[in-house]
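Scope of the values below: all heavy atoms of this structure, side chains included, with no hydrogens, waters or symmetry mates. Per chain, numbering begins at 1; letters A, B, ... match sequence-line order. As the structure is a computational prediction, the values presented were derived from the model and not from experiment.
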There are 2 protein chains.
Amino acid sequence: MSELRLEDIAKRAGVSRSTVSRVINNQPNVSEKARQRVLEVIKLTGFSPNAAARTLVSQRSNTIGLVLPHSVSTFFTDPYYPHLIKGITQACNQYDFTLALFVAGSKEYQEKLLPRLSSKGFLDGVILQSGHQADQSIILELSKTNLPMLVAGRPLYDDEVCFIDIDNIAASEKAVRHLINCGRKKIVIITGPLTSTVGLDRLSGYRNAMDSSSLKYNDNSIIESDFTEQGGYNAMQKLISSKPDAVFAASDMMAIGAIRFIRDAGLNVPKDIAVVGFDDLPIPMVNELQLTTIRQPVVQFGFKAVETLIELIENDLPIIKRVLMDTELIIRKSCGFESG
Amino acid sequence: MSELRLEDIAKRAGVSRSTVSRVINNQPNVSEKARQRVLEVIKLTGFSPNAAARTLVSQRSNTIGLVLPHSVSTFFTDPYYPHLIKGITQACNQYDFTLALFVAGSKEYQEKLLPRLSSKGFLDGVILQSGHQADQSIILELSKTNLPMLVAGRPLYDDEVCFIDIDNIAASEKAVRHLINCGRKKIVIITGPLTSTVGLDRLSGYRNAMDSSSLKYNDNSIIESDFTEQGGYNAMQKLISSKPDAVFAASDMMAIGAIRFIRDAGLNVPKDIAVVGFDDLPIPMVNELQLTTIRQPVVQFGFKAVETLIELIENDLPIIKRVLMDTELIIRKSCGFESG
DNA sequence: ACGAAATCTGTGAGCGCTCTAAGATAACCA
DNA sequence: TGGTTATCTTAGAGCGCTCACAGATTTCGT
């Protein structure tokens with residue numbers, strides 16, 4: 001069907017182009033009679049207006065981009081991203097936006113991406129998943145284009161850019177404080193990469209909690225790792241010498257690895273060493289191990305990111321927006337907490 | 001920057017609009033001098049042409065859609081999809097296409113999707129991930145719009161639609177035949193949902209292999225399951241009564257579940273029961289268990305899907321294309337195969 | 001040196017829509 | 001019934017680009 005234009009519908013309905021346009025866009029100043037006639041013809045012909053023409057004249061495409069820079073190499077393994085996308089698509093559906101997905105598989109491709117992203121008349125705005133120092137340049141380049149942009153995750157240098165993040169500092173503070181409340185004193189941490197704000201912030205939270213309870217920790221209490229299971233295992237191996245009674249892992253995968261090592265070492269979780277993770281993504285293991293963890297509202301995060309970006313788009317003058325989302329401590333058994 | 005139009009670049013470079021257009025589109029008939037001057041101005045101003053205007057006049061958006069219908073409820077948990085998307089985005093990058101992602105979170109939203117997908121001037125074509133009977137209607141509706149469409153996965157009724165799939169029948173035939181070659185005789189199968197072609201085809205392959213070796217099987221040799229680990233566990237529980245010496249699970253997750261049950265039952269893999277799975281996605285467990293399995297080329301599959309769709313797009317008259325991709329048997333230990 | 005062929009450049013139309021401003025019609029009150 | 005307002009409709013311009021075609025310039029053979 002449809003090599004149809006507005007003009008054709010107009011002719012068939014015996015009205016003019018603009019009347020049809022008004023009907024399609026739900027605008028007033030159309031008589032009920034005309035509206036009905038037009039709607040009928042539209043239904044009959046299965047007409048739907050040309051998106052490019054609309055975009056051209058209205059300067060709005062109702063499309064937003066999600067950019068996963070090269071630093072996000074875990075896209076293909078980490079269940080975080082599908083959930084993020086779930087939230088984003090849900091919001092797009094609700095607000096009648098379309099999502100364009102850009103996965104920068106390599107550094108070179110990332111270069112090629114920029115003109116495409118910033119070419120007018122294609123995207124109304126962009127969500128850039130980041131929080132890694134490697135993405136500094138792409139953030140900068142994109143800011144220069146005046147394209148509304150929201151960074152999902154806190155950028156390392158966050159002046160002038162809008163971002164949405166979960167409150168990682170408060171979250172890990174909450175996690176560590178919980179261990180303290182459970183009576184643990186020698187608490188160590190397995191951090192994520194300290195080249196990313198996620199890694200840094202979760203460490204800050206640990207420090208805050210320890211400091212405010214006057215608990216001691218030193219360089220041997222902190223091992224940097226990489227969010228993987230094996231990384232957690234290896235980190236725990238290093239941490240064990242300081243004889244901790246609790247470990248806070250900055251991701252569930254690392255917590256799982258840590259638990260594996262603790263057990264391999266013949267110790268008991270939580271009796272000898274309490275464990276708290278971070279994420280609470282639906283990995284079967286998390287449930288099986290009864291892991292106490294911080295629940296990230298990933299889906300809601302994606303949703304809120306879109307809502308925030310839309311605000312940015314609809315505001316004519318550029319504004320700086322920062323959103324921090326709360327997390328929830330999910331208490332299971334690995335922290336050794338006994339209620340009552 | 002850039003409220004810039006072609007016209008402005010032309011003025012600054014001292015040439016006309018069309019010359020600039022020619023330069024941008026790498027067309028001939030531009031003197032080297034003019035070309036250099038234009039390129040310089042473009043670089044200087046950071047100009048990039050308006051995508052909507054281009055699309056409007058050229059009737060090409062260089063954007064394709066990936067539609068995940070509601071039936072794909074496992075999008076958020078199955079590592080298959082990220083890998084599929086990887087292949088798709090790689091191809092999009094290579095061929096200078098952009099990917100628009102449509103995830104139908106609900107049946108109702110799926111309705112709302114159709115006009116958006118089929119509106120002219122937005123998508124050049126669509127890849128619909130399917131193979132489930134529930135998607136029959138959306139496939140039909142989309143075909144009607146004349147939008148080039150490729151189904152990724154074999155549709156249940158496949159007349160008139162283009163599709164790309166892996167050769168599931170040949171693959172599972174190969175898997176089962178391998179078990180036969182290993183000397184197994186009482187081979188049972190855990191299938192996927194028989195409402196999908198994946199489920200049906202992998203069962204067909206099993207039958208083919210069994211029949212051609214004149215091995216017996218009956219209703220008790222075949223249990224329908226749902227591709228999940230727990231589903232595999234439950235299915236194996238039912239199958240155990242027929243005292244099989246091998247089981248072919250139509251997915252790795254189910255194979256893992258089956259192995260868990262077999263061990264719970266005090267039996268040994270592969271000594272008592274050999275196991276072959278299907279997928280070979282990089283799930284840590286697959287390696288740990290040394291699972292013999294069929295490797296799906298998921299990334300290449302996504303890549304090839306895009307290439308095929310582009311062919312469809314570039315062919316003026318509609319053609320029917322069918323692509324079947326080969327798989328590879330990955331022999332590890334769970335099948336009890338001893339070489340030499 | 002001059003015309004023909006080859007190469008380059010610019011003009012104008014038009015892709016299909018939205019939106020403004022002006023014109024037509026209907027509704028209303030005195 | 002006539003004039004005024006409120007409601008509806010339409011014509012026209014223009015969003016920023018591509019492409020066909022005509023016009024200008026260069027190249028080349030003789």
Side-chain angles (χ1 to χ4, degrees), chain A residues 1-39 41-42 45-63 115-116 118-124 146, chain B residues 1-39 41-42 45-63 96 115-116 118-124:
Chain A
M1 47 174 69
S2 65
E3 292 345 344
L4 289 173
R5 294 157 307 137
L6 224 48
E7 200 72 53
D8 303 312
I9 305 299
K11 209 162 288 168
R12 295 210 201 186
V15 295
S16 79
R17 198 165 13 105
S18 348
T19 300
V20 179
S21 173
R22 263 185 233 107
V23 171
I24 286 179
N25 296 295
N26 272 317
Q27 285 169 8
N29 293 335
V30 182
S31 67
E32 199 47 37
K33 214 173 58 182
R35 168 161 276 131
Q36 287 312 326
R37 224 163 348 136
V38 170
L39 285 174
V41 177
I42 289 178
T45 54
F47 172 80
S48 91
N50 184 297
R54 280 185 128 172
T55 299
L56 179 56
V57 59
S58 67
Q59 308 285 28
R60 277 295 225 83
S61 65
N62 271 35
T63 301
R116 195 116 57 93
S118 58
S119 85
K120 303 269 147 199
F122 178 45
L123 296 178
D124 288 344
N146 282 352
Chain B
M1 44 174 66
S2 64
E3 287 355 336
L4 288 174
R5 294 156 306 137
L6 224 48
E7 199 72 55
D8 303 312
I9 305 299
K11 208 161 289 170
R12 296 208 201 187
V15 295
S16 79
R17 201 171 4 113
S18 348
T19 302
V20 179
S21 173
R22 270 186 220 104
V23 172
I24 285 179
N25 296 296
N26 272 317
Q27 284 169 9
N29 295 334
V30 183
S31 67
E32 200 45 41
K33 215 175 56 179
R35 169 163 275 133
Q36 288 312 325
R37 224 164 346 136
V38 170
L39 285 173
V41 177
I42 289 178
T45 54
F47 172 79
S48 92
N50 184 296
R54 281 185 127 173
T55 299
L56 178 57
V57 59
S58 67
Q59 308 286 27
R60 276 295 225 84
S61 65
N62 270 36
T63 302
D96 256 302
R116 194 114 59 93
S118 57
S119 84
K120 302 268 147 200
F122 179 45
L123 297 177
D124 288 345

A.B. asks: Does Gln59(A) have a side-chain nitrogen or oxygen under 4.0 Å from the phosphate oxygens OP1 or OP2 of dT18(C)?
C.D. replies: no

A.B. asks: If you assign each of Val15(B) and Leu56(B) to its closest nucleotide in DNA chain C, which residue comes earlier from the 5' end?
C.D. replies: Val15(B)

A.B. asks: Does Ser31(B) reach a base, just sugar-phosphate, or nothing at all? Heavy atoms under 4.0 Å.
C.D. replies: sugar-phosphate

A.B. asks: One thing to verify: whether Asp8(B) and Arg5(B) come together as a salt bridge, which I'm taking to mean a side-chain N less than 4.0 angstrom from a carboxylate O.
C.D. replies: yes

A.B. asks: Report the distance from atom CD1 of Ile9(B) to atom P of dT9(C), rounded to the nearest whole Å.
C.D. replies: 17 Å

A.B. asks: Out of curiosity, Ser31(B) OG to Arg37(B) CZ, how far, rounded to the nearest 0.5 Å?
C.D. replies: 7.0 Å

A.B. asks: For the side chain of Arg17(A), starting at C-beta, report the closest nucleotide among dA13(D), dC15(C), dT11(C).
C.D. replies: dA13(D)

A.B. asks: What is the distance, rounded to the nearest whole Å, between atom CZ of Arg60(B) and atom C1' of dT18(D)?
C.D. replies: 14 Å

A.B. asks: Would you mind telling me which residue lines up with the more 5' stretch of DNA chain C, Val20(A) or Gly14(B), judged by nearest nucleotide?
C.D. replies: Gly14(B)

A.B. asks: If you look at every strand shown and take non-hydrogen atoms under 4.0 Å, does Glu32(A) touch a base, only sugar-phosphate, or nothing?
C.D. replies: nothing

A.B. asks: To the nearest Å, give me how far apart CG (Leu6(A)) and P (dT9(D)) are.
C.D. replies: 15 Å

A.B. asks: For the pair made of NZ in Lys11(B) and P in dT9(C), what is the distance, rounded to whole Å?
C.D. replies: 19 Å

A.B. asks: Pick base, sugar-phosphate or nothing for Ser18(A), based on heavy-atom distances below 4.0 Å to the nucleic acid.
C.D. replies: base

A.B. asks: If you only use heavy atoms from C-beta on, which nucleotide in dT18(C), dC17(D), dT9(C) is closest to the side chain of Ser21(A)?
C.D. replies: dT18(C)

A.B. asks: Please check the phosphate of dC8(C) (OP1 and OP2 only) for any side-chain N or O of Gln27(B) closer than 4.0 Å.
C.D. replies: no

A.B. asks: State whether Ser58(A) places a side-chain N or O below 4.0 Å from either non-bridging phosphate oxygen (OP1 or OP2) of dT18(C).
C.D. replies: no

A.B. asks: Let me know the distance between CD of Glu7(A) and P of dA11(D), rounded to the nearest Å.
C.D. replies: 9 Å

A.B. asks: OG/Ser119(A) to CZ/Phe47(B) distance, rounded to the nearest 0.5 angstrom?
C.D. replies: 9.5 Å

A.B. asks: Using whole Å, report how far CG of Asn29(A) lies from C1' of dA6(D).
C.D. replies: 10 Å

A.B. asks: Heavy atoms from C-beta onward define the side chain here; which of dT9(C), dC17(D), dA11(D) lies closest to that of Arg5(B)?
C.D. replies: dC17(D)

A.B. asks: Pick base, sugar-phosphate or nothing for Asn50(A), based on heavy-atom distances below 4.0 Å to the nucleic acid.
C.D. replies: sugar-phosphate

A.B. asks: Hey, is the side chain of Thr55(A) poking within less than 4.0 Å of OP1 or OP2 on dC15(D), counting only N and O atoms?
C.D. replies: no

A.B. asks: Regarding Ala34(B), tell me which of base, sugar-phosphate or nothing describes its non-hydrogen contacts under 4.0 Å with the strands shown.
C.D. replies: sugar-phosphate

A.B. asks: As a test of reading the structure: which of dC8(D), dC17(D), dT18(C) is closest to the side chain of Asn25(A), going by heavy atoms?
C.D. replies: dT18(C)

A.B. asks: Please state how far atom CZ in Phe122(A) lies from atom C1' in dC15(D), giving the value in whole angstrom units.
C.D. replies: 18 Å

A.B. asks: So, Arg54(B) and Asn25(B): side-chain donor and acceptor under 3.5 Å apart, yes or no?
C.D. replies: yes

A.B. asks: Okay, side chain of Asn62(B), backbone of Asp96(B): is any donor-acceptor separation there less than 3.5 Å?
C.D. replies: yes

A.B. asks: For the side chain of Ser16(A), starting at C-beta, report the closest nucleotide among dT9(C), dT9(D), dC17(C).
C.D. replies: dT9(D)

A.B. asks: Expressed as a whole number of angstroms, how long is the span from Arg37(B):CZ to dC8(C):P?
C.D. replies: 14 Å

A.B. asks: Using OP1 and OP2 only, check whether a side-chain N or O of Arg54(B) sits under 4.0 Å from dG16(D).
C.D. replies: no

A.B. asks: From C-beta outward on Arg22(B), which listed nucleotide comes closest to its side chain: dT18(C), dG16(D), dA20(D)?
C.D. replies: dA20(D)

A.B. asks: Is it true that a side-chain atom of Asp124(A) and a backbone atom of Arg60(A) form a donor plus acceptor pair closer than 3.5 Å?
C.D. replies: no

